[in-house]
Amino acid sequence: KKKVSFTKEQQALMKVIIDAYNKHQIPQDVAKKLLQDKYSTEENFLLLTEMATSQVQVLVEFTKNIPGFLSLDREDQIALLKGSAVEAMFLRSAQALNKKMPIGHTEVLEERIRKSGISEEFIKPMFNFYKSIGELHMVLEEQALLTTITILTPDRPYVKDQPAVERLQETALDLLRKMCVLHHPQEPQYFARLLGRLTELRTLSHYHAEMLASWRVNDHKFTPLLCEIWDVQ
Ligand SMILES: O=C(c1ccccc1)c1ccc(-c2nc3ccccc3n2[C@H](C(=O)NC2CCCCC2)C2CCCCC2)cc1
């Protein structure tokens, strides 16, 4: 059994990130809403924009707790948030679908998402991603670190001081690598598989503006915050 030891700094970093991740959960649980009632395509689109808007607010609060983030150039902080918001939303959505639920609930939830108004061509890649996240059975620490690593991606558009972001991301990557060895000792390639999901995530978010336009509703109304973050309207 591989011995994994964390430095004092790594233990402190993990605690800060876990506390932030737990504190900044989505207010009301969208999965519960979807399981309670069937909604029309319009209502589903509104639900998505409401959930996504509150998720962006939660994401901003979460990033403030990432050690070093607030010391970055202010415009770079905005560029990192803008560049990772859609990916963080899909990560959160994947976790919402893969959460332990009573028998049969996941199937109902999946069905309601499939029928929510999303155009067919995007259902497959989105669920492929959700399934590939589910198969990893990530522990909370890994989920929180994966979101942190997604936010601290140096090569987002308009980031000026990439090395400064790289240094923060590397700290989170070192910690995640150790977490993977600790929680998945039988799978030496687990860490690499986890990072591979970020590539799939980037592809999903690449088509996001186009995906939204294809949602079968007459007018696509967005909140001002989403217009900022989602490059729509
Ligand atoms: O942007 C999306 C898209 C994708 C393809 C085409 C057009 C738009 C697009 C499409 C679905 C989901 C998505 N995948 C989910 C998995 C499990 C549970 C809910 C999920 N959702 C939506 C949601 O509210 N997500 C929250 C989750 C918390 C963080 C903020 C976001 C609802 C919205 C009501 C209708 C059904 C799905 C998340 C994002």
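The figures that follow rest on heavy atoms only: side chains count, while hydrogens, waters and symmetry mates do not. In listed order, ligands and their atoms are each counted from 1.
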| field | Salt bridge present between Lys131 and Glu135 (N-O < 4.0 angstrom) | value | no
| request: Mind checking ring pair (Phe, Tyr, Trp, His ring centres under 6.0 Å) for His208 and listing every partner two or more places apart, or none if nothing turns up? | output: Phe90, Trp230
| Residues which pass side-chain hydrogen bond (donor to acceptor under 3.5 Å, both in side chains) with Lys160, listed by chain and number, not counting sequence neighbours | Asp73, Glu75
| remark: Across all chains, not counting sequence neighbours, the side-chain hydrogen bond (donor to acceptor under 3.5 Å, both in side chains) partners of Gln95 are Tyr21
| Is the charged tip of Arg114 near the ring of Phe127: under 6.0 Å from the six-membered ring centre and within 45° of its axis? | yes
For ligand 1, list every N/O pair with the protein closer than 3.5 Å, one pair per line with the distance.
{"unit_1": "ligand 1", "atom_1": "1 (O)", "unit_2": "His208", "atom_2": "NE2", "d": "2.6"}
{"unit_1": "ligand 1", "atom_1": "14 (N)", "unit_2": "Tyr130", "atom_2": "OH", "d": "2.7"}
{"unit_1": "ligand 1", "atom_1": "25 (N)", "unit_2": "Ser93", "atom_2": "OG", "d": "3.4"}

| query | Is Lys23 salt-bridged to Glu61, cutoff N-O under 4.0 Å? | reply | no
